[in-house]
4 protein chains.
Amino acid sequence: MTDSVKPRARGADKRRRLTTAAARVLHEQGVERTTLADIARAADVPVGNVYYYFKTKDELVQAALSEHSTHLDELTGRLAELADPRDRLKALVQAWVDQRDVAARYGCPTGTLAVELDKRTDGSLDVEAGAVIRRLLDWVGDQFRALGVDDADGMAVTLVSAYQGMSLLANALRDPDIMTREGARLADWLDSLQGAGRTP
Amino acid sequence: MTDSVKPRARGADKRRRLTTAAARVLHEQGVERTTLADIARAADVPVGNVYYYFKTKDELVQAALSEHSTHLDELTGRLAELADPRDRLKALVQAWVDQRDVAARYGCPTGTLAVELDKRTDGSLDVEAGAVIRRLLDWVGDQFRALGVDDADGMAVTLVSAYQGMSLLANALRDPDIMTREGARLADWLDSLQGAGRTP
Amino acid sequence: MTDSVKPRARGADKRRRLTTAAARVLHEQGVERTTLADIARAADVPVGNVYYYFKTKDELVQAALSEHSTHLDELTGRLAELADPRDRLKALVQAWVDQRDVAARYGCPTGTLAVELDKRTDGSLDVEAGAVIRRLLDWVGDQFRALGVDDADGMAVTLVSAYQGMSLLANALRDPDIMTREGARLADWLDSLQGAGRTP
Amino acid sequence: MTDSVKPRARGADKRRRLTTAAARVLHEQGVERTTLADIARAADVPVGNVYYYFKTKDELVQAALSEHSTHLDELTGRLAELADPRDRLKALVQAWVDQRDVAARYGCPTGTLAVELDKRTDGSLDVEAGAVIRRLLDWVGDQFRALGVDDADGMAVTLVSAYQGMSLLANALRDPDIMTREGARLADWLDSLQGAGRTP
DNA sequence: TATGAATGAGGATTCATTCAT
DNA sequence: GATGAATGAATCCTCATTCAT
């Protein structure tokens with residue numbers, strides 16, 4: 001019987017639903033404009049019950065951050081199957097471009113979260129948002145290193161910076177095509193790199 | 001008598017103080033975390049008096065946006081004195097780098113404002129934030145055009161995008177050096193461009 | 001015209017009404033069982049407006065404490081008009097007895113407040129409640145000293161202790177007569193004391 | 001088999017643990033500031049399970065009250081072994097003094113519970129708290145009667161009153177020495193009693 | 001114009017109690 | 001009997017906005 005597993009399964013399920021809903025709604029509405037009731041509604045969970053799973057709103061923000069971090073892991077996991085680091089980076093850029101419509105409407109989930117959390121003077125969530133970005137930087141840096149370029153970490157900053165910048169502009173101008181065009185430029189840049197890289 | 005002028009003068013002064021305070025405090029704390037009382041206090045204006053000058057909080061946000069727009073005008077005005085468009089762009093980049101400490105703490109004023117306002121579904125402030133960024137894009141595009149490069153507007157997007165991206169990363173990682181390094185890279189890139197702007 | 005004074009007067013008035021209401025309602029219902037709405041209603045002030053005068057619930061508790069402290073001052077002020085310290089102490093006891101019905105229903109305002117606040121592990125209100133009691137102890141000690149008895153402070157503890165004890169018992173047993181009987185016993189005891197205060 | 005008994009035994013054990021925990025935690029934190037979860041945790045019983053043993057929170061308060069009542073019985077039971085009623089009363093006072101540190105931190109368990117419950121307008125727990133105190137009064141009165149003093153019940157009120165008062169003061173001032181000094185005074189007073197008592 | 005005061009609609013959080021296994 | 005999970009009513013507190021003078 002799966003019956004005996006059900007309660008716990010349902011509990012885990014609710015936690016999952018709340019996390020997913022939090023990630024989505026916080027991305028769409030921002031942290032401050034999102035009420036717990038919004039998240040609860042999106043997850044189809046009674047408001048009072050949210051606190052069984054998350055003691056504070058900040059813990060939900062934290063969970064959303066972890067969710068984005070997990071998405072990053074899944075993405076880099078898939079990209080790891082590509083043999084050539086250059087192909088991995090190009091596939092990463094392509095993944096960004098594929099998200100152009102969401103980015104044009106709501107920006108990069110992690111980037112916009114970081115922007116909002118960095119306004120805080122209290123708490124440590126800002127640091128955690130930075131940590132997710134740093135993990136992306138590290139992975140990108142590893143690929144550049146595998147490519148044999150000088151200053152792999154500097155190039156990682158350039159690439160991720162370009163991604164955050166184009167997402168912000170696409171969002172501010174509500175124009176997904178910016179993602180497409182800048183993505184193409186980045187792909188060309190990656191193609192042009194010999195062992196020693198050139199700037200875009 | 002200057003007495004009769006004083007009230008009006010003081011009125012204009014208050015409006016100005018409120019606008020300046022709004023620009024600064026909204027940048028530092030974000031729109032949602034800033035209360036009218038915060039701005040009133042920073043401007044040394046009684047809370048109840050704010051509404052004489054600004055009918056809603058959004059009007060204050062709007063005023064802050066205009067303030068940033070004015071700053072942009074002043075900057076481009078100064079840059080216009082440089083003869084070479086390439087020098088103008090390089091000076092622009094240098095101006096960004098000069099702001100690195102503020103950027104590392106609070107991000108680009110206009111960019112972070114745009115990120116926050118873009119989360120809204122109501123109002124039109126998001127559009128206005130985009131408009132400020134578009135004016136920067138236009139000005140940069142004009143310089144690239146003067147330089148004689150192909151796809152001047154596309155390059156403008158690349159440059160402004162890089163600025164927003166490096167500001168966001170510097171902010172998220174609390175590292176002003178990112179601004180310095182990426183700024184240097186952008187300067188190199190501008191130097192490497194073939195164009196009418198510089199004699200051989 | 002008193003019109004121009006009115007606003008401030010009304011403001012001060014409201015603060016006063018809130019303080020008085022807080023002192024009474026907190027005494028009657030206890031700190032934890034009293035909601036801000038209870039106090040607001042008793043003072044006939046809209047709930048949201050309470051926060052204009054008191055930033056937190058604890059500040060209202062604090063105000064209630066000050067109110068009791070003021071009552072104590074007023075009482076000792078009146079007693080100071082009596083020439084003989086023994087008479088002062090006896091009048092103090094009489095004042096306690098006069099409050100027997102309130103004490104039988106709700107206990108000593110300061111004592112019960114202290115009991116409740118002493119359960120807290122946070123904040124400093126418990127200390128302040130103790131301070132009010134200590135001021136009573138000090139005043140009583142001064143009278144005993146004036147009477148020329150040995151160990152005036154120890155006797156003060158005994159007297160105040162007796163007051164707190166009889167109030168607690170009267171309250172727990174809902175029997176005001178306990179106040180009357182113990183009050184009489186205390187008066188006898190004061191009379192029996194040898195001291196400089198009374199000629200033979 | 002003891003197997004079939006075990007569950008019940010365990011059940012009784014849990015009930016006991018809950019009662020003991022309730023008595024302690026309610027004394028330390030007060031009724032209103034103590035959550036069922038606090039008690040459950042202190043008793044190492046799952047929250048949801050508490051309701052198998054106690055239908056409401058008030059029943060737990062009631063159980064705590066009974067616990068204190070039982071402690072009183074145990075104490076008077078031990079004191080009954082002393083032949084002289086005066087010695088019994090002096091031993092009672094000594095028992096109070098022995099608890100001085102707890103009293104200085106949390107007050108008399110029954111007294112502070114009574115103070116808190118007396119603020120209620122509903123329920124009957126306030127009466128029950130009074131009943132425990134009355135049983136103490138009755139026992140003390142019996143001892144005074146055995147001593148042959150006039151107005152034994154009045155003297156009982158005086159003695160118990162002194163105990164409650166000194167506990168409250170020790171608690172409010174966080175000073176256990178108050179218990180020691182007042183205890184000594186009470187012992188002297190008991191010693192000084194002839195058949196017909198004198199007030200302290 | 002200026003300003004202290006007022007207002008009420010939320011919003012996060014807590015918790016006793018109940019319920020489904 | 002046992003227990004994790006669920007529920008919703010309450011409560012404190014915030015704040016944009018309005019008002020009276």
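All chains are named by letter (A, B, ...) in the order of the sequence lines, taking the proteins before the strands, and each is independently numbered beginning at 1.
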What's the CZ-P distance between Phe54(A) and dG11(E), to the nearest Å? 20 Å
Nearest whole angstrom, please: distance from the P of dC12(F) to the OH of Tyr52(C). 22 Å
For Asp44(C), all residues meeting salt bridge (Lys or Arg N to Asp or Glu O under 4.0 Å), sequence neighbours excluded: none
Checking Lys14(D) side chain against Tyr53(D) main chain: does a donor-acceptor pair fall under 3.5 Å? no
Bend angle of the helix from dA2(E)-dT21(F) to dT21(E)-dA2(F) from five-pair axes at both ends, rounded to 10°? 20°
Are Tyr53(B) and dA2(E) close enough that a side-chain N or O sits under 4.0 Å from OP1 or OP2? yes
Spacing between Arg41(A) atom CZ and dG11(E) atom C1', to the nearest angstrom: 13 Å
Please give, in whole Å, the distance from dA5(F) C1' to Arg17(A) CZ? 13 Å
Compare side-chain N and O positions of Tyr51(C) against OP1 and OP2 of dC13(F) and report whether any pair is under 4.0 Å apart. yes
Separation of Asn171(A) CG from Arg105(A) CZ (nearest 0.5 Å): 7.0 Å
Report all side-chain donor-acceptor pairs from residues 19-26 of chain C shorter than 3.5 Å, counting only partners two or more places apart or in another chain.
| from | atom 1 | to | atom 2 | distance (Å) |
| --- | --- | --- | --- | --- |
| Thr19(C) | OG1 | Arg15(C) | O | 2.8 |
| Thr20(C) | OG1 | Arg16(C) | O | 2.9 |

Take Lys55(A) and Val45(C), find for each the nucleotide of DNA chain E with the closest heavy atom, and name the residue whose nucleotide sits nearer the 5' end. Val45(C)
Members of residues 27-39 of chain D that approach DNA chain E, where some heavy atom sits under 4.0 Å away: Thr34(D), Thr35(D), Leu36(D)
About how many Å separate CD of Glu116(D) and OG1 of Thr112(C), when rounded to the nearest 0.5 Å? 10.5 Å
In whole Å, I'd like the distance from the CG atom of Asn49(C) to the P atom of dC12(F). 16 Å
Between His68(D) and Pro109(D) (side chain of the first, backbone of the second, donor and acceptor by atom type, cut-off under 3.5 Å), is there such a pair? no
Can you tell me how far P of dC12(F) sits from CD of Glu59(C), to the nearest Å? 15 Å
Between P of dC12(F) and NZ of Lys57(C), the distance in whole Å: 5 Å
Does Lys14(A) make a side-chain N or O approach to OP1 or OP2 of dA6(F) shorter than 4.0 Å? yes
Tell me, please, which residues at least two apart from Gln62(B) pass side-chain hydrogen bond (donor to acceptor under 3.5 Å, both in side chains). Glu128(B)
Of the nucleotides dT7(F), dT3(E), dC13(F), which one has an atom closest to the side chain of Thr56(C)? dC13(F)
Hey, does the side chain of Glu59(B) reach the backbone of Lys55(B) with a donor-acceptor pair shorter than 3.5 angstrom? yes
Quick one: ring-ring contact (aromatic ring centres under 6.0 Å, His included) pairs with a partner in residues 111-132 of chain C, sequence neighbours left out? none
How many Å lie between CG on Leu60(B) and P on dA16(F), as a whole number? 10 Å
